[in-house]
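Structure first, commentary second.
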Number of protein chains: 2
Amino acid sequence: MDTKELKKAGLKATLPRLRILEILDNSSEKHMSAEDVYRALIEVGEDVGLATIYRVLTQFEAAGIVQRHNFDSGHAVFEMAKEEHHDHMVRVDTGEVIEFFDQEIERLQKEIVDRHGYVLEEHSLVLYVRPK
Amino acid sequence: MDTKELKKAGLKATLPRLRILEILDNSSEKHMSAEDVYRALIEVGEDVGLATIYRVLTQFEAAGIVQRHNFDSGHAVFEMAKEEHHDHMVRVDTGEVIEFFDQEIERLQKEIVDRHGYVLEEHSLVLYVRPK
DNA sequence: ATGAATGCAAAAACTTTGCATGACG
DNA sequence: CGTCATGCAAAGTTTTTGCATTCAT
């Protein structure tokens, strides 16, 4: 259960934190902004402050529990961290986010960076797509 | 000269617009935020408003004269549009931006998107790197 | 001259922070 | 109980907008 995960990260298992994890785990939209999470909690009758959402999500990111993405939307979106890395496609018509992974692209990125004399720390790849 | 380029885009060749193009063309740092451009102009004694910078850069983007990027910095950066497409590496230690292009990565992206039943509209690839 | 562009200031959107109160272990 | 977390409100950042004035054609 979530309580364990929080303790392990050195965070108290408070109600707001548990509720935020629930929302991220159970919402149909897995990529949510702080505002999205806030509204989802208010809707469920949970009395939480937006500032807390921001603080908690930032702590979760530092603890590796969630990942933060900056798509071209002017605001950050968060998703539960998965074991396996993946990249994203964003539908320009609906905003829907689609996850994908490609071994070959991952390999090429490392190779290119190496060729330039650097080490790859992390990367951000977003493909903006529309239906055929 | 720049005046022609502006006219062609249906924009009046005003002093602020010409100065902004000059800055983007001649600065040593080719990837600049609106604030960067603003400070560069103030430094040269050009009396321009920050709001104008934002308006002009947005118009330039729509006209294809500049490109806007959202690196993980909390603010947009702009660069003159080049004929040939390229992606970016960002040094995590210095913030320096390095441009690169890889035929194979470009091809793979199209292929993956196609495989999912979509068409690639555009993409954003940023590699965060540090020296070996 | 006329419509477009500018500068300023105000506002909007997103995120962070200070502080007193409340909850976890 | 002591400390850490929360909520609220205020402040910080980045970007946009309204409006009167100025400028390009």
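Chain A is the first sequence line, chain B the second, and so forth, proteins listed ahead of strands; every chain is numbered from 1. Keep in mind that this is a model prediction, so the values were computed, not measured.
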Separation of [X] atom [atom1] from [N] atom [atom2], in whole Å?
| X | N | atom1 | atom2 | value |
| --- | --- | --- | --- | --- |
| B/Phe60 | C/dA5 | CZ | P | 11 Å |
| B/Leu50 | D/dT15 | CG | P | 9 Å |
| A/Ile53 | C/dT16 | CD1 | P | 13 Å |
| B/Asn70 | D/dT13 | CG | P | 19 Å |
| B/Arg68 | D/dT14 | CZ | P | 14 Å |
| A/Asp36 | C/dC14 | CG | P | 10 Å |
| A/Leu57 | C/dT16 | CG | P | 10 Å |
| A/Met32 | C/dT15 | CE | C1' | 18 Å |

[X] side chain N/O closer than 4.0 Å to the phosphate oxygens (OP1, OP2) of [N]?
| X | N | value |
| --- | --- | --- |
| B/Tyr54 | D/dT16 | no |
| A/Thr14 | D/dT6 | yes |
| B/Thr52 | C/dG7 | yes |

Problem set entry | Atom pair OH (B/Tyr38) and OG1 (B/Thr52), whose distance is rounded to the nearest 0.5 Å | 10.0 Å
For this session: Nearest 0.5 Å please: distance from the CD atom of B/Glu104 over to the CD atom of B/Glu106.
Result: 10.5 Å
For this session: Could you say whether A/Gln59 or B/Leu11 is positioned toward the 5' end of DNA chain D, judged by the nucleotide with the nearest heavy atom to each?
Result: A/Gln59
Seminar exercise, completed: Judged by nearest nucleotide, the residue sitting upstream toward the 5' end of DNA chain D, B/Ala51 or B/Ser73, is B/Ser73
When you get a sec, tell me which of [options] is the closest nucleotide to the side chain of [X]?
| X | options | answer |
| --- | --- | --- |
| A/Arg17 | D/dA5, C/dG25, C/dC14 | D/dA5 |
| A/Lys12 | C/dG25, C/dC8, C/dA4 | C/dG25 |
| A/Asp47 | D/dT16, D/dC8, D/dC19 | D/dC8 |
| B/Lys7 | D/dT25, D/dG7, D/dT17 | D/dT25 |
| B/His75 | D/dT15, C/dA5, D/dG18 | D/dT15 |

Exercise. Which is true for B/Ala13 with a 4.0 Å heavy-atom rule: it touches a base, it touches only sugar-phosphate, or it touches nothing?
Worked result: sugar-phosphate
Exercise. Reckon B/Ala34 touches a base, only the sugar-phosphate, or nothing at all at heavy-atom distances under 4.0 Å?
Worked result: nothing
Exercise. Heavy-atom distance under 4.5 Å between the side chains of A/Val126 and A/Met89, does that happen here?
Worked result: no
Exercise. Can you find a heavy atom in the side chain of A/Val48 that is under 4.5 Å from one in the side chain of A/Val37?
Worked result: no
Problem set entry | Closest approach of A/Val77 to A/Phe71 (non-hydrogen atoms, all atoms of both residues) | CG2-CE1, 3.7 Å
